[in-house]
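First comes the structure, then the notes that go with it.
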Amino acid sequence: MYQYRKASPADLESIWDRSIADHRGDSHWIAWKEEYIRYNQNGMGATFVVIHNGRPVGEGTLLFSPQCSAVRGRTALADGCHTANINALRIRKKHEGRGHISALVRMMEQYAAENGYTHLTIGVEARETRNLAIYLHWGYDVFVTAEREEGELVLYYAKNLSDKK
């Protein structure tokens, strides 16, 4: 059985510890754990999880503040008032393709709308055409910007939450 919810402190520890274990030797993951837990604590972000058999198997984080490192001051992506960014959207391979991330994104959209956000943005590496097609299908079809990040071309799209399909 699957559940979708806003992450608890224990969920955050679990998802980040698993990511760190999956990426042994890459110190970025340790720093990101501290950073994303802090975002959840100080209101700069909110993480949501897919739970299976009591354990998180998928996640996504809404970043509200342009001060978040992934946003890097780009207020077109997150402005702390009307626009937030969907970030770190992922699910364990064995749970892919079953609609869990779609359900999680709908929950994140509802949460954002209930908290006064009218637009959400999402980024996708240009080479990830499958993900781009999914995001366009979800209604993230307003092109915002394209930027090179860590050698990859990343395309950002937005969705107006008041135009929900």
**Prompt:** Linking I/L/V/M/F/W/Y whenever their side-chain heavy atoms sit closer than 4.5 Å, directly or via other members, would Val105 and Val50 fall into one cluster?
**Reply:** yes
**Request:** Identify the two heavy atoms, one from His82 and one from Gly116, that lie closest to each other, and give their separation to 0.1 Å.
**Result:** ND1-O, 4.3 Å
**Message:** Would a single hydrophobic cluster contain both Val144 and Leu120, if residues Ile, Leu, Val, Met, Phe, Trp and Tyr are joined by side-chain heavy-atom contacts under 4.5 Å?
**Reply:** no
**Message:** Please find the pair of heavy atoms, one from Leu62 and one from Met108, that lie closest to each other, and give the distance.
**Reply:** CD1-O, 3.5 Å
**Asked** Is Val142 reachable from Tyr157 through a run of hydrophobic residues whose side-chain heavy atoms are each under 4.5 Å from the next?
**Response** no
**Request:** Could you tell me whether the side chains of Thr61 and Asn87 share a donor-acceptor contact shorter than 3.5 Å?
**Result:** no
**Item:** Value rounded to 0.5 Å, distance of OG in Ser14 from CZ in Arg55
**Value:** 5.5 Å
**Item:** Tyr2/His100 aromatic ring centres below 6.0 Å
**Value:** yes
**Request:** Could you check if a side-chain atom of Val124 sits within less than 4.5 angstrom of a side-chain atom of Val154, using non-hydrogen atoms only?
**Result:** no
**Message:** Can you confirm whether the side chains of Arg106 and Tyr4 place a donor and an acceptor under 3.5 Å from each other?
**Reply:** no
**Asked** Is Ile86 reachable from Tyr156 through a run of I, L, V, M, F, W or Y residues, each pair having side-chain heavy atoms under 4.5 Å apart?
**Response** no
**Prompt:** If you draw a 6.0 Å radius around NE2 in His28, do more than 12 non-hydrogen atoms from other residues or ligands fall strictly inside?
**Reply:** no
**Request:** Please tell me if the side chains of Val71 and Cys68 come closer than 4.5 Å, counting only heavy atoms from C-beta onward.
**Result:** yes
**Request:** Side-chain contact test, heavy atoms from C-beta onward, threshold under 4.5 Å: evaluate it for Leu89 versus Ile101 and give yes or no.
**Result:** yes
**Complete:** Output for pair (Lys159 NZ, Thr83 OG1), nearest 0.5 Å, gives 14.5 Å
**Message:** Looking at Arg74 and Glu149, is there a salt bridge between them, counting it only when a charged N and a carboxylate O are closer than 4.0 Å?
**Reply:** yes
**Prompt:** Does some side-chain heavy atom of Tyr111 sit less than 4.5 Å from a side-chain heavy atom of Lys6?
**Reply:** yes
**Request:** Side-chain contact test, heavy atoms from C-beta onward, threshold under 4.5 Å: evaluate it for Thr47 versus Tyr39 and give yes or no.
**Result:** no
**Prompt:** Is a side-chain donor-acceptor pair under 3.5 Å present for Asp141 with Tyr135?
**Reply:** no
**Asked** Side-chain contact, heavy-atom cut-off 4.5 Å: Tyr140 with Ile134?
**Response** no
**Message:** Any salt bridge linking Arg90 with Asp22? Criterion: basic side-chain nitrogen under 4.0 Å from a carboxylate oxygen.
**Reply:** no
**Request:** Verify the ring-centre separation between His52 and His95: is it less than 6.0 angstrom?
**Result:** yes
**Fill in**
Heavy-atom closest pair (Ala84 atom, Phe64 atom, distance to 0.1 Å) is CB-CD2, 3.7 Å
**Asked** Any side-chain heavy atom of Gln3 sitting closer than 4.5 Å to one from Arg5?
**Response** yes
**Asked** For Leu104 and Glu59, which heavy atoms make the closest approach, and how far apart are they?
**Response** CD2-C, 3.6 Å
**Item:** Rounded distance [0.5 Å steps], CH2 in Trp29 versus CD in Glu34
**Value:** 14.5 Å
**Prompt:** Do Asp11 and Ile51 touch side chain to side chain, with heavy atoms closer than 4.5 Å?
**Reply:** yes
**Message:** Quick check for you: to the nearest 0.5 Å, what is the distance between Ile30 atom CD1 and Ser19 atom OG?
**Reply:** 12.0 Å
**Item:** Pi-cation contact, Trp16 with Arg38 (under 6.0 Å, within 45°)
**Value:** no
**Prompt:** Going hydrophobic residue to hydrophobic residue with side-chain gaps under 4.5 angstrom, can you get from Leu12 over to Met107?
**Reply:** no
**Message:** For Arg72, is the CZ atom crowded, meaning more than 12 foreign heavy atoms sit under 6.0 Å from it?
**Reply:** yes
**Item:** Between CD on residue Glu147 and CD on residue Glu152, distance to nearest 0.5 Å
**Value:** 14.0 Å
**Request:** Considering non-hydrogen atoms only, spot the tightest contact between Thr121 and Ala76 and give its length.
**Result:** CG2-O, 3.5 Å
**Prompt:** Do Glu109 and Leu161 pass the side chain to side chain contact (heavy atoms under 4.5 Å, CB included) test, and can you show the C-alpha distance, the side-chain angles, and the key distance before you say yes or no?
**Reply:** CA-CA 7 Å; Glu109 290 173 350; Leu161 296 179; 4.0 Å; yes
**Request:** Mind listing the closest non-hydrogen atom pair of Leu63 and Ala78 along with its distance?
**Result:** O-CB, 3.5 Å
**Prompt:** Rounded to the nearest 0.5 Å, how far apart are CD1 of Ile37 and CD1 of Ile15?
**Reply:** 8.0 Å
**Greater than 12 external heavy atoms within 6.0 Å of Gln67's CD** = no
